[in-house]
Amino acid sequence: MDRWLNRVAVVTGASSGIGAACCKDLVAKGMVVVGLARREERLQELKASLPKDQQSRFHGRKCDVSVEQQVVDTFAWVDQTLGGADVLVNNAGILGKLHITDPDNAADLRAVLDTNVLGVSWCTREAFISQQRRNVNDGHIVIINSVVGHKVPVFPGVGLKMYAPSKHAVSALTEVLRQEFLLKKTETKITSVSPGAVDTEIVDAGKNAMGMLRAQDIADAVTYCIQTPPNVQIHELTIKPVGEKF
């Protein structure tokens, strides 16, 4: 992690779960971290939970990644205030409340796609443009995907709603972005991290957390991916709890 010392990472969905764990881990390893979330008070709590000597390296900023202008304004602030993001962890995501065949569900379906697909697209676009403008060729984009972005399991009585289609789009998006980065002659890396069941707020609170992955497990994986040597890119990393059936 030496090459990332004092460089800037932006983490979306930083108010809880995987995002919060990534923020803590990257700050502890010497990076300057900007945590983005809709719940500003959670970001303040996250900063307060850090050791005193690490708090100055964490910056919380309210940003709804499903709103393009907020994303544009936020990355402009990162550029102007901190010199620009060299690492981006696209973690923000929502499950959605309604099934695709439920009535009057347009707003719910759009919210899932706006957050899980367009939010990733907008954040990646702004981070990459900033890196190109600053001649940063060793940046790293990480996308927190899901195992359901590769294969749709059957959950009787529950269903995956628009979440699984959105994560399949993210799988394709990762490959398209890899090709675009090559086309533009940059060495910026991109990695999709696809966890199985993780004990976070996005999971039904009534679900038994036994046997599930922890948020810290995913944060450890993110750190592993970004510290690979220049000639190594982990394009897809799938992480499942022991005994998971799909």
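Just so you know, residue 1 is the first one in the sequence shown, and it goes up from there.
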Over 12 non-hydrogen atoms of neighbours within 6.0 angstrom of [atom1] in [X]:
X	atom1	answer
Arg178	CZ	yes
Lys167	NZ	yes
Glu187	CD	no

Rounded to the nearest 0.5 Å, how far does [atom2] of [Y] lie from [atom1] of [X]?
X	Y	atom1	atom2	value
Leu177	Phe128	CG	CZ	9.0 Å
Asn90	Ile144	CG	CD1	8.5 Å
Met162	Leu113	CE	CG	5.0 Å
Arg214	Asp199	CZ	CG	10.5 Å
Glu126	Ser121	CD	OG	11.5 Å
Ile190	Ile234	CD1	CD1	13.5 Å

Would you name the heavy atoms of [X] and [Y] that are closest together and state the gap between them?
X	Y	answer
Lys24	Leu50	CG-CD2, 3.8 Å
Cys23	Leu46	CB-CD2, 4.0 Å
Thr12	Ala92	OG1-N, 2.8 Å
Ala9	Leu26	CB-CD1, 4.0 Å

Donor-acceptor pair, distance only, cut-off 3.5 Å: does the side chain of [X] make one with the backbone of [Y]?
X	Y	answer
Gln233	Thr191	no
Thr223	Ala219	yes
Arg134	Gly83	yes
Gln131	Asn137	no

Pairs flagged by side-chain hydrogen bond (donor to acceptor under 3.5 Å, both in side chains) wherever residues 100-118 is involved - sequence neighbours left out =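 Qualifying pairs, neighbours excluded: Asn116-Ser166.
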
Polar contact flag, side-chain donor to acceptor under 3.5 angstrom, Ser194-His150 | yes

Is there a donor in the side chain of His235 and an acceptor in the side chain of Glu175, or the other way round, less than 3.5 Å apart?
-> yes

Sequence neighbours excluded, the answer for side-chain contact (heavy atoms from CB on, under 4.5 Å) partners of His59 is Val32, Val34, Trp77, Leu82

For residues 47-74, pull every pair meeting salt bridge (Lys or Arg N to Asp or Glu O under 4.0 Å), keeping only residues two or more places apart or in separate chains.
->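 For residues 47-74, and leaving out neighbouring residues, the salt bridge (Lys or Arg N to Asp or Glu O under 4.0 Å) pairs sorted by first residue read Glu68-Arg125.
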
